[in-house]
Every structure is written in structure tokens, then in C-alpha cells.
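Heads up: the structure comes next, in C-alpha cells.
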2 protein chains.
Amino acid sequence: MEFPSNIRKTQSRMRVWEILNHANTPLTAKEIAIRAAQDTKDQQGEGATEGALWLSSIYRALDAFANAHAVSRTVLSDSQEALYSLAGNGHHHYAICMNCKKKTELEGCPFAEEKTLHAVDQDFMIVGHTVEVYGYCKQCREQLSKKV
Amino acid sequence: MEFPSNIRKTQSRMRVWEILNHANTPLTAKEIAIRAAQDTKDQQGEGATEGALWLSSIYRALDAFANAHAVSRTVLSDSQEALYSLAGNGHHHYAICMNCKKKTELEGCPFAEEKTLHAVDQDFMIVGHTVEVYGYCKQCREQLSKKV
DNA sequence: TTGTTTCTGCGAATGATTCGCAATTGCAAC
DNA sequence: GTTGCAATTGCGAATCATTCGCAGAAACAA
């Protein structure tokens, strides 16, 4: 997926873009900030503050991308922070452990065959969807059952 | 669905329970507070403040219910406020208009046949899931296309 | 009725996100 | 490449949902 062409290509937006592009899971705004700071430190040495991305700028960049339909925003139901990832590249759904919060990617998408959507089709133009499965992962189940 | 038996049955919890029980869509904590205030006004007349539910109490009640698996909490991806509804009673998924935010109930659930979940089954105990379809409703599409 | 334990009222604290505004930067026309 | 203007950023302050803390008020078992 290419950097959206209808918005200005600025330094900070390009950095946010790069970070999302190299990430293999959705990131929070804060995580993006941390990675940006890390990159800066790697290049300019400890104590560098110049070049770090300000959180509000990250949010604004993400907003711009989201409006251009280039990144997608999701909120997992047990937290109130949003996760961002590049749209396109195919999309992903996750199974989230309610104990350790680990995310496991689901294979396939329940809407792949989109047979369940006929009720809406007619009156509703579908742009996207989210799916989230939650429960307990193996490790946590074992761990929790020991405690009893 | 019955009021959970493992938590104390207090006045405020019962009111939250009633409100959720009579609602036909998921509600935010604030909406619950408003309905509670409304009920109180209806019974005690204008200006009654006694009997209104404090927001933090509502959150605590919802938390208690959620722990007892009696209500479910969802966060729609374009906002950061949570929606609560009684669990059980079958569950619902919604199509949300990105313009007017109106929610239309989806018929059926893509996981009804749960064929897509085999990748997870083995290692992951599934407790629940959320599905959310977003796009534009008929009215908003018409309205938006006029503007161009 | 009493004692213990669990809630609630209330406000203050927290954490994510947004806003406001002056200074800066991207980019298009010269 | 310089100039000019609009879009963007840095930065902090504001907002909004949610959570915490604590003292007084219910629940409910004995």
C-alpha cells in the first residue's frame, strides 16, 4: 500500500507510516511514539529528544490516514485505547486472551463468503468490519485452574 | 436472564439491571444515568435529584455484572465509549453508519456455524466475540452525494 | 438487632484523545 | 530557487470516559 496521495507528505507522517509498515501487529499511538523515539535514539545517540514525535501529531497523522482509508482504527473491547494498522495488505482478526491480553491471529475471516450480510446489503454500503474473539489461551487456562 | 446470584442485590444495581433489561439497544454508562434520572423525575416530579444514580456507581455495577458474565461490554471502533447490554438473550451485532452513527441490527451471526474458528479451537477457549460492520446507510449516502 | 462485609455518594485522579495557537514546513506559481 | 499561502507541527492546556479513595450507608448472616 502506498502513502496516500491526497494528503501532504510530511516528515512526521512518513515516520508514522514507516513504523506502521514495519510493525507486524496493530499499534497504539503511544507505541508509535515509543518506536519513533527509539529510532531517533539509535541514530542520534542517547539523550536525543530532537526528532521525537509528539503524541498529538501522531494522532493527527493517524486521523489523516484513516480519512484517506489508509489505516484502520480498532478498539478492543476490554480497553479504551485504539489500535492502528495499515489498511489493505489484507486485514486481520484476532483472538484476545482475557487474562494475558495476548493476541493470536485468526485464520480467515468470517465474512470472506459474506453470506450473512444479505440483510444489510440493500440499504447499507459496507465499508469495513471488525471481528474480535475473546476467551482464554491455553497457558492462562492452566495457570488459572491451578489456583483453585 | 436473571439477576446474578453471586453479588449483592442492591438498589442501584437493580435499577441498572432494569434499565438494561428494558433497553432495546446497548447503552453507554451515561445513557443509563440519564434514564435513571428520567425515571426518578417521572416519579418524584421535576427537580428531584434524590435517587439519581452516580456515574461511578453505574460503572461499578456494570463491572460487577460483567464479572458475573451477565452483561457484555463493547467498544465501537469509532468512539471511545463503551456500550453495555445484558448478555444472554441471544446476542446481537450491528451495522454502524460512519456518518450518522445509527446502528442497524444484523440478522444472524457469522459465527453461528463457527466453521472459521478451527484454527483457534484447540488452544483457545472461546468465551465470546464481537462483530461490527461499518459503512454508510442509505440516507447518509444520498445526503453525502448531493453535497458534491 | 448486631456485626461484618460489601456498596454507594461524592469528588478527585488518571489516561487517552482532542484543541488552540503561534511557529514551521510543504508545495505550487513565479 | 524564492515567495506566498495553506496545511501541519510542537507544545501545552482542555476534554471526556473511566477509575480510585474514603467515609458513611446498605445488605445480609448469625
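Not measured: the values here are computed from a predicted model. By convention in this document, chain letters (A, B, ...) are assigned in the order of the sequence lines, proteins followed by strands, and residues within each chain are numbered from 1.
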Quiz prompt | Shared hydrophobic cluster for L86(A) and Y84(A) (ILVMFWY, side-chain gaps under 4.5 Å) | solution =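 Same cluster.
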
**Asked** According to a 4.5 Å side-chain heavy-atom criterion applied to Ile, Leu, Val, Met, Phe, Trp and Tyr, with indirect links allowed, do L83(A) and V75(B) form part of one hydrophobic cluster?
**Response**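 Different clusters.
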
Dump the pairs, protein N or O against N or O of nucleotides 6-8 of chain C, anything under 3.5 Å, distances to one decimal.
{"from": "dT6(C)", "atom 1": "O4'", "to": "R8(B)", "atom 2": "NH1", "distance (Å)": "3.2"}
{"from": "dT6(C)", "atom 1": "O4'", "to": "R8(B)", "atom 2": "NH2", "distance (Å)": "3.2"}
{"from": "dT6(C)", "atom 1": "O2", "to": "R8(B)", "atom 2": "NH1", "distance (Å)": "3.3"}
{"from": "dC7(C)", "atom 1": "OP1", "to": "R13(B)", "atom 2": "NH2", "distance (Å)": "2.1"}
{"from": "dT8(C)", "atom 1": "OP1", "to": "T10(B)", "atom 2": "OG1", "distance (Å)": "2.7"}
{"from": "dT8(C)", "atom 1": "OP1", "to": "S12(B)", "atom 2": "OG", "distance (Å)": "2.4"}
{"from": "dT8(C)", "atom 1": "O5'", "to": "S12(B)", "atom 2": "OG", "distance (Å)": "3.4"}

Check your understanding: When you check the phosphate oxygens OP1 and OP2 of dA27(D), does a side-chain N or O of K9(B) lie under 4.0 Å from one of them?
Key ->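 No.
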
For [X] and [N], what is the distance between atoms [atom1] and [atom2] respectively, to the nearest whole Å?
X: E31(B); N: dA17(D); atom1: CD; atom2: C1'; answer: 13 Å
X: I32(A); N: dA16(C); atom1: CD1; atom2: C1'; answer: 14 Å
X: R15(A); N: dT25(C); atom1: CZ; atom2: P; answer: 14 Å
X: N6(A); N: dC27(C); atom1: CG; atom2: P; answer: 13 Å
X: F3(B); N: dA27(D); atom1: CZ; atom2: P; answer: 11 Å
X: Y84(B); N: dA17(D); atom1: OH; atom2: P; answer: 12 Å
X: K30(A); N: dG15(C); atom1: NZ; atom2: P; answer: 7 Å
X: L27(A); N: dA16(C); atom1: CG; atom2: P; answer: 15 Å

**Asked** Any side-chain heavy atom of V16(A) sitting closer than 4.5 Å to one from L20(A)?
**Response**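 Yes. Closest side-chain heavy atoms under 4.5 Å.
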
4.5 Å side-chain heavy-atom contact, F3(B) and F65(B) |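 Yes - at least one pair of side-chain heavy atoms lies under 4.5 Å apart.
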
By side chain to side chain contact (heavy atoms under 4.5 Å, CB included) - contacts of A23(A) (at least two apart):
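Once residues adjacent in sequence are excluded, the partners of A23(A) under the side chain to side chain contact (heavy atoms under 4.5 Å, CB included) criterion are L27(A), R35(A).
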
With sequence neighbours excluded, what pairs up with E18(B) under the side chain to side chain contact (heavy atoms under 4.5 Å, CB included) test?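 Per chain and number, E18(B) pairs via side chain to side chain contact (heavy atoms under 4.5 Å, CB included) with H22(B).
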
Please list, one pair per line, the donor and acceptor atoms closer than 3.5 Å that link side chains of residues 53-62 of chain A to other protein atoms, with sequence neighbours excluded.
none

| field | Heavy-atom closest pair, residues A70(A) and P4(A) | value |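 Nearest pair, atom of A70(A) first, then P4(A): CB-CG, 3.9 Å.
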
*Please round to 10 degrees the angle between the axis of the first five pairs and the axis of the last five pairs in the helix from dT1(C)-dA30(D) to dC30(C)-dG1(D).*
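End-to-end axis angle for the helix from dT1(C)-dA30(D) to dC30(C)-dG1(D): 40°, rounded to 10°.
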
Quiz item: Counting side-chain heavy atoms from C-beta on, which of dC19(C), dG11(C), dT18(D) comes nearest to S56(A)?
Solution: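 My answer, after comparing the listed nucleotides, is dC19(C).
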
Can you identify which nucleotide, out of dT18(D), dC10(C), dT17(C), has its nearest atom closest to the Q80(B) side chain?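 Out of dT18(D), dC10(C), dT17(C), the nucleotide with an atom closest to Q80(B)'s side chain is dT17(C).
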
Under 3.5 Å donor-acceptor pairs involving side-chain atoms of residues 6-14 of chain B, not counting sequence neighbours:
{"from": "T10(B)", "atom 1": "OG1", "to": "R13(B)", "atom 2": "N", "distance (Å)": "3.3"}
{"from": "R13(B)", "atom 1": "NE", "to": "R8(B)", "atom 2": "O", "distance (Å)": "3.2"}

